[in-house]
Asker: 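Shown below is the structure under consideration.
All chains are named by letter (A, B, ...) in the order of the sequence lines, taking the proteins before the strands, and each is independently numbered beginning at 1. Please read all numbers here as calculations on a predicted model, not as lab measurements.
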Amino acid sequence: MFRVAWLVAKKDLRIELRSRVLLWQVVPFGAMALLLAGLALGPAHAGNSPAGPGLFYLVMLFVALLMINRSQVIEATPGTRASVATLGLDPAGVFLGKALALSIELWVSGLVLLAGTVLVLHTALHGAILALPSVLVTLIALALAGTLYGALTAGGEGASTLLPVLCLPAFAPLLIAGERSFSAALGTAGLWEWWVIVLVAVLAYGGVGILLYGVLEES
Amino acid sequence: MMSDPLVRLYGAVAFANGFPLLSGVDLELSPRSLIVVTGANGAGKTSLLRLLGGLLALSSGEGMVCGVDLAAGDLRQLRRRVGWLGHEGSFYADLSVKENLRFCAVALARPVTEIDAVLERVGLAARADTTTKQLSAGQRRRLGLAWLLLRRAELWLLDEPYASLDDQGRTFFDDLLGEVTNAGATVVVSAHDPLRNARLELRTIHLAGGRVKED
Amino acid sequence: MIKQLSQRLLGPVTLVLLVATIWLGLWVTPPDKIQGNLVRLLYVHPAIAWVALYVSFGTATIASALFLWRRTRSWVMDRVAHCAMEVSVVFIILTLITGSIWGRPTWGVWWAWDARLTSTAILGVLALGYLALRRANDDPTLRAKRSAVFAILSAINVPIIHFSVQWWKTLHQGATVFTSSRTLLVHGSMAWTLLISFVGFTLLFFWLLRARYRLEVERETNQRAALEQALIARQREGAL
């Protein structure tokens, strides 16, 4: 399982490094969304707003949706799907590998957007640094959930539009938990229960993915 | 002594989007044979190959391929034993030729040391580090062959393999087909017209309306 | 015999219980000391919410799990899961509407950022997502497997969503019928009306589920006939 996971993760990351979709498309989109969030708050409220952590996670969710879609599109052409299917890879390994690659891609986007939040929305730098561990773990939960939901929609009709409908309700608790723990790092909220939510999500999605990812494969 | 058939289909029907791609195929294929499936566009050639590879679900009828029951067996086991060459791009376009083959080799636990020899054989050694999307259609087809050579599959399923190949490529391909069947593999090739190559001993099956019309 | 009788009686008994709920709720029970006549809405709202969140979603989840489990896998389970989820959507929408009507005079707004309200709305989107997912896949086996996995994921999500929103913020009143130590808080005609309402709406769910299931079987029969026609036409195409 771990051998396959490593193989799949390396392949997905190598493709990302070559295509630079994250660098040239997704990160600029996230940066623009963050700017738009500031504009939506208005000049009086954009700087040092208590909404900063929430807006960071909201933008992060949209970025995650793009990246999840991208992670599935890699195998979207019928020929590639057929060729890869004939390799008979262990589904649990494929799930973990794709989730690992997606986590790393989300970490990269997350770090850029976190810096953007400090820069544009004037969120306190020390708070952002303190929030970093919770951000990274929340992004792992997003990656695990996203890999599962991405596989649920893969190859189906309107896969890219169906994905947000399935993902966003499941992402809601992660958005809340992420926002609260970020705010806690800024000194405005309690902390422990939000770690519980994120860790339960990591375990639940990881467990279901390892057990059931194979069921989602096309026949 | 007659060997057991590698493929057995009885009244095999496969639907997709409410359309019967295959409408009752009866077929037996012996091991170590070369079979050409011909037919007009939409006759069901690709669908038959996909069914044999465990890539299309059997809707009704019976099917046994490489000892795996198509209706109730573990299709993942079957897929590991077939080699598939489709007429669309079958690889990761952003990986190089060598990286694609390395992925295949590691996934199947084959030695990666074989890659260079295989590339040499299909005439892609000079293109080993080229990104796959930069290859011509014919070169991609050769990469497909390299992928298959690396797999050492029991059942080769080749969908329109001659498309985009030049004369040299076709000759190479004919030689290869003879070689792999002699080595023990079964090869099923789909083509619009019957192959006219005297060097190969082959069986031609003609499909029409999703069924075998002539054998 | 008993099965036939219960099937025949399901509709009439449901109707009688629902009519009794309306009669008791509107004319027999007294107004509440604090809420006045607004309390009458609470004879239907908790029962509808109970069916939406527990009975129908629970039925869909259990049927989905039984479909995924190889030993109990059957198309009956897939159909039950699908039909229960459709009925669930109706009950979730009714829960939100009745809750909103109650919330307007109580909280002063149609929508409040309350834990139960928010998590019910999210659950509604999950149920709609389940139905959208079914429409996106044509292969019956793949559709059944994927939607079953989604139903299970949604069920796992329900407590996560609930606790996250509850910890985030809550306005909704606490336990109404029982205290946490299981002491009954509602008495007399009010308690009876609530009980009848819960039983009535639960039976309504099973009545709707049965009707929808029959419709689904009929739809599948028609679809099979259409597929057979398509198969014959395709075979003729080959014979030409």
Side-chain angles (χ1 to χ4, degrees), chain B residues 9-27 37-48 50-51 53-63 68-79 190 192 204-215, chain C residues 63-79 81-83 86 130-152 215-240:
Chain B
L9 298 178
Y10 294 116
V13 173
F15 279 95
N17 299 313
F19 181 77
L21 299 169
L22 299 175
S23 59
V25 177
D26 296 318
L27 188 65
V37 182
T38 62
N41 286 337
K45 302 185 295 292
T46 303
S47 303
L48 177 61
R50 290 179 69 85
L51 181 77
L55 300 166
L56 176 68
L58 181 71
S59 303
S60 66
E62 291 170 30
V68 176
D69 184 348
L70 291 182
D74 184 357
L75 293 183
R76 196 171 293 121
Q77 287 302 321
L78 170 61
R79 289 175 197 148
S190 79
H192 278 295
T204 302
I205 290 165
H206 186 70
L207 287 188
R211 287 206 294 178
V212 176
K213 198 174 181 186
E214 283 172 41
D215 188 353
Chain C
S64 297
L66 290 174
F67 180 83
L68 286 179
W69 190 257
R70 274 183 185 274
R71 285 184 193 174
T72 48
R73 182 169 295 171
S74 81
W75 291 110
V76 173
M77 292 305 154
D78 178 54
R79 264 183 238 127
H82 175 200
C83 298
E86 270 193 13
Y130 174 93
L131 299 180
L133 181 63
R134 287 194 76 92
R135 294 182 68 87
N137 287 291
D138 180 63
D139 173 9
T141 310
L142 186 67
R143 176 175 58 214
K145 285 180 180 177
R146 285 186 171 183
S147 47
V149 171
F150 183 70
I152 289 170
L215 209 61
E216 187 61 18
V217 171
E218 202 169 313
R219 195 191 63 79
E220 282 178 18
T221 310
N222 291 339
Q223 199 179 30
R224 258 198 304 278
L227 290 179
E228 271 166 33
Q229 287 298 317
L231 191 61
I232 292 166
R234 178 84 162 138
Q235 285 169 345
R236 275 200 204 118
E237 194 185 300
L240 291 175

Asker: Examine whether an atom of B:Val212 lies under 4.5 Å from a heavy atom of chain C, and if so say whether it belongs to the side chain, the backbone or both; otherwise answer neither.
Answerer: neither
Asker: Check each atom of B:Leu22 against the heavy atoms of chain C and say whether the ones under 4.5 Å are side chain, backbone, both or neither.
Answerer: backbone
Asker: Taking side chain to side chain donor-acceptor pair (under 3.5 Å) as the definition, give me every residue that meets it alongside B:Ser23, ordered by chain and number, with sequence neighbours left out.
Answerer: none
Asker: Between C:Asp139 and C:Thr141 (side chain of the first, backbone of the second, donor and acceptor by atom type, cut-off under 3.5 Å), is there such a pair?
Answerer: yes
Asker: Taking only residues two or more places apart in sequence, or in another chain, which ones meet C:Arg219 in a side chain to side chain donor-acceptor pair (under 3.5 Å)?
Answerer: C:Glu216
Asker: Restricting to side chain to side chain donor-acceptor pair (under 3.5 Å), what partner residues turn up for C:Arg79, sequence neighbours left out?
Answerer: C:Tyr213, C:Glu220
Asker: Do the non-hydrogen side-chain atoms of C:Met77 and C:Thr72 ever get within less than 4.5 Å of each other?
Answerer: no
Asker: Indicate yes or no: at least one non-hydrogen side-chain atom of B:Leu70 is less than 4.5 angstrom from one of B:Leu78.
Answerer: yes
Asker: In residues 221-234 of chain C, which residues are in contact with chain B at a heavy-atom separation under 4.5 Å?
Answerer: C:Leu227, C:Ala230, C:Leu231, C:Arg234
Asker: Salt-bridged, C:Asp78 to C:Arg134, with N to O below 4.0 Å?
Answerer: yes
Asker: Relative to chain C, which segment of B:Ala43 carries a heavy atom at a distance below 4.5 Å: side chain, backbone, both, or neither?
Answerer: backbone
